[in-house]
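All remarks here apply to the structure that follows.
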Protein chains: 2
Amino acid sequence: MPKNYSKFKKITENWKLLIAADIVVFAFIENKLSVLLVERRYAPGIGQWAIPGGFVREDESLEEAALRELNEETGLSRSSYLEQLYTFGEVKRDPRGRVISTAYMVLVSEPEKIRLKASDDAINAKWFAISGLPTLAFGKSHKEILLYAWQRLKWKFEYTNVAVTMMHPEFTLTELQKLYESVYNKNIDKRNFRKKILSLDLVEPIDKVSQELGRPAQLYKAGTKKLKIYNRVI
Amino acid sequence: MPKNYSKFKKITENWKLLIAADIVVFAFIENKLSVLLVERRYAPGIGQWAIPGGFVREDESLEEAALRELNEETGLSRSSYLEQLYTFGEVKRDPRGRVISTAYMVLVSEPEKIRLKASDDAINAKWFAISGLPTLAFGKSHKEILLYAWQRLKWKFEYTNVAVTMMHPEFTLTELQKLYESVYNKNIDKRNFRKKILSLDLVEPIDKVSQELGRPAQLYKAGTKKLKIYNRVI
DNA sequence: TTTGTTGTTGTGAATAATACACTTTTGTGC
DNA sequence: GCACAAAAGTGTATTATTCACAACAACAAA
């Protein structure tokens, strides 16, 4: 280490800082926007539901830590989308000491393929519809992070094509519309929706139809075209 | 400290993490969007220009640290706007050790009132037009932060009324337009601009005109109306 | 009073957003 | 095979919004 690092050395002494990564995981389950929560095994907030997360280790980046913790606590191993949301740095956020926490948002396309599991830190992991959240641990903090993430998601849905990353590989326009409706929390006109989506080339029809009740629907896949993306990770 | 903090204790052992706050300061100087940079006194990057910033202390939040460092390194004490941008958490960002850095953006309304000064850490502090930046310290990292901040600023100008926080308390519409043009880096039609700004009620005319060359211009002040603001700090 | 400089004002065309309801295609039960 | 249920698919008229574009007005200096 070169000279002139004296100030650095001084600052590194005498106190301890930890950084945590918290991850808001969204998926579209039974036509409802849903969030993955864990039931905490340890204090603070034993037995309460919380956003999955944990401390960053020495040899991993913030993003790596987010994905590792997510995998450890929930079994979720591959997600289609990861985006940093915000870093919370108030002095007394955590009773355990000086903890800074960076919140991430993850979007999952096929939640039914994920085997949720208990872990060292979490007694349980479970999907909750955004409209039926339980009381969360960590006072208002986790609730706020969650609502902030939802807000960001609405934004992204308006200005990018992230929505398709939450769909199955093959989907109908009606399904896609239901996802938009659950994220915006309001109804959308079918014709206007289709006009818009198709004019943006966000999706491509495939040579296949769905077979459900009623008239079969054209199936689509995600388009190759990427929308202009504004945030760093968007 | 309650029981069951064992994992926390384990993680806090054996390694050191520091968190830094970097601040991109924008002001509108001589019709040009400008950025405040400091000339580094210490390694790494001695003598090179860099975004002002420094390490967060034990007893201060991230935002407090950002503002304190800004004040220490540049003499800047009051800014009209502060917003968190992004947290960089790669493992080997900094030669001094594991450093995580949160970038902030600050907007200044009356840069000519600020007495820039040298400091412990900075030999010098100086405004640079965004189109005439010097080579920056810290490899590509600081340049990227800066360009990201500029991008974010463009966004904010489109969807909020932050622009007026960069103007003097009294300003003409032409001055405001010049600011928009310097941020967007393109020309704007005068008539359309005025129509838009006035229809949004972003500004209020005051009982005063400017006295420059040519026809006197109506002076305006910031409107009380706040635009809907989407990001956490926006 | 002329010239230079800047501020102020309006209109028409193109595009995008919104509101709105019926027909088509399939499967099922009689 | 016919009536019904269920969901998919489709078009048009109206209203906002955006954009391109140029003449005139107010003042100062010469």
Side-chain angles (χ1 to χ4, degrees), chain A residues 28 30-32 154-155 157-161 163-164 167-168 170-221 225 227-228, chain B residues 28 30-31 154-155 157-161 163-164 167-168 170-221 223 225 227-228:
Chain A
F28 185 51
E30 291 166 7
N31 283 341
K32 290 195 281 279
K154 287 180 193 172
W155 256 91
F157 266 54
E158 234 175 302
Y159 294 108
T160 76
N161 58 349
V164 297
M167 301 301 294
H168 286 190
E170 302 177 348
F171 54 89
T172 68
L173 291 186
T174 300
E175 286 163 0
L176 185 62
Q177 181 180 342
K178 289 249 162 65
L179 172 58
Y180 269 92
E181 288 177 335
S182 71
V183 169
Y184 290 157
N185 200 24
K186 69 175 186 189
N187 295 330
I188 302 172
D189 179 82
K190 193 198 270 195
R191 282 166 293 187
N192 291 338
F193 178 78
R194 294 163 104 89
K195 209 186 307 172
K196 189 68 191 285
I197 294 293
L198 294 175
S199 75
L200 290 176
D201 284 332
L202 295 188
V203 296
E204 293 173 12
I206 59 176
D207 193 20
K208 212 165 159 192
V209 292
S210 80
Q211 211 43 287
E212 306 272 335
L213 193 60
R215 174 173 171 176
Q218 175 67 49
L219 284 169
Y220 291 80
K221 61 174 180 175
K225 186 175 176 183
L227 276 195
K228 190 178 174 186
Chain B
F28 185 51
E30 291 167 7
N31 283 341
K154 288 180 192 173
W155 255 92
F157 267 52
E158 232 176 304
Y159 294 108
T160 78
N161 58 349
V164 297
M167 302 300 296
H168 286 188
E170 302 177 348
F171 52 90
T172 68
L173 290 187
T174 300
E175 285 163 2
L176 185 62
Q177 181 179 341
K178 290 249 162 64
L179 171 58
Y180 269 91
E181 288 178 334
S182 71
V183 168
Y184 290 158
N185 200 24
K186 69 174 186 189
N187 295 329
I188 301 173
D189 180 83
K190 196 195 264 197
R191 284 162 292 187
N192 292 336
F193 178 78
R194 294 164 104 91
K195 211 185 308 172
K196 188 72 189 283
I197 294 293
L198 294 175
S199 75
L200 291 175
D201 285 333
L202 296 187
V203 297
E204 292 172 15
I206 59 177
D207 193 20
K208 212 166 158 190
V209 293
S210 79
Q211 210 44 285
E212 305 274 334
L213 193 61
R215 174 172 170 177
Q218 175 67 50
L219 283 169
Y220 292 82
K221 62 174 180 174
K225 185 175 177 184
L227 277 195
K228 190 179 177 190

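Numbers restart at 1 for each chain; the letters A, B, ... are given by sequence-line order, proteins then strands.
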Point to revise | Validation row, ring centre A:Phe28 to ring centre A:Phe171 under 6.0 Å | key: no

**Study point:** Test side-chain contact (heavy atoms from CB on, under 4.5 Å) applied to B:Leu219 and B:Asp207, B:Thr172, B:Leu173, B:Val209, the passing residue
**Key:** B:Thr172

Review point. Among B:Asn161, B:Leu176, B:Val164, B:Asn192, which residue meets the side-chain contact (heavy atoms from CB on, under 4.5 Å) test with B:Ile197?
Key: B:Leu176

**Study point:** Check: A:Lys195 side chain, D:dT12 base, donor-acceptor under 3.5 Å
**Key:** yes

Exercise for review: Give one of base, sugar-phosphate or nothing for B:Gln218, where a contact means two heavy atoms less than 4.0 Å apart.
Suggested key: sugar-phosphate

Practice item. Looking at every strand, decide which applies to A:Thr174 at a 4.0 Å heavy-atom threshold: base, sugar-phosphate, or nothing. Key: sugar-phosphate

Which nucleotide in [options] has an atom nearest any side-chain atom of [X]:
X	options	result
B:Lys190	C:dC20, D:dT18, C:dG7	C:dG7
A:Gln211	C:dG27, D:dA28, D:dG9	C:dG27
B:Asn192	C:dG7, D:dC21, D:dG9	D:dC21
A:Arg191	D:dA6, C:dT9, C:dC20	C:dC20
A:Arg215	D:dA8, D:dA28, C:dG7	D:dA8

Rounded off to whole Å, could you give me the [atom1]-to-[atom2] distance for the [X] and [N] pair?
X	N	atom1	atom2	result
B:Arg194	D:dC21	CZ	C1'	16 Å
B:Leu213	D:dC27	CG	C1'	9 Å
B:Ile197	C:dG7	CD1	P	15 Å
B:Leu219	C:dT6	CG	C1'	14 Å
A:Tyr180	C:dA17	OH	C1'	16 Å
B:Asn31	C:dT6	CG	P	11 Å
A:Leu200	C:dT15	CG	C1'	14 Å
A:Asn187	C:dT18	CG	C1'	15 Å

Review point. Is it the case that more than 12 heavy atoms not belonging to A:Lys221 sit under 6.0 Å from its NZ atom?
Key: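 Incorrect, the count does not exceed 12.
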
Practice item. Nearest-nucleotide wise, let me know which of A:Gly214 and A:Asp189 is further upstream toward the 5' end of DNA chain C. Key: A:Asp189

Practice item. Might you point out which heavy atoms bring A:Glu175 and A:Glu170 nearest each other, and give the distance in Å? Key: OE1-O, 4.4 Å

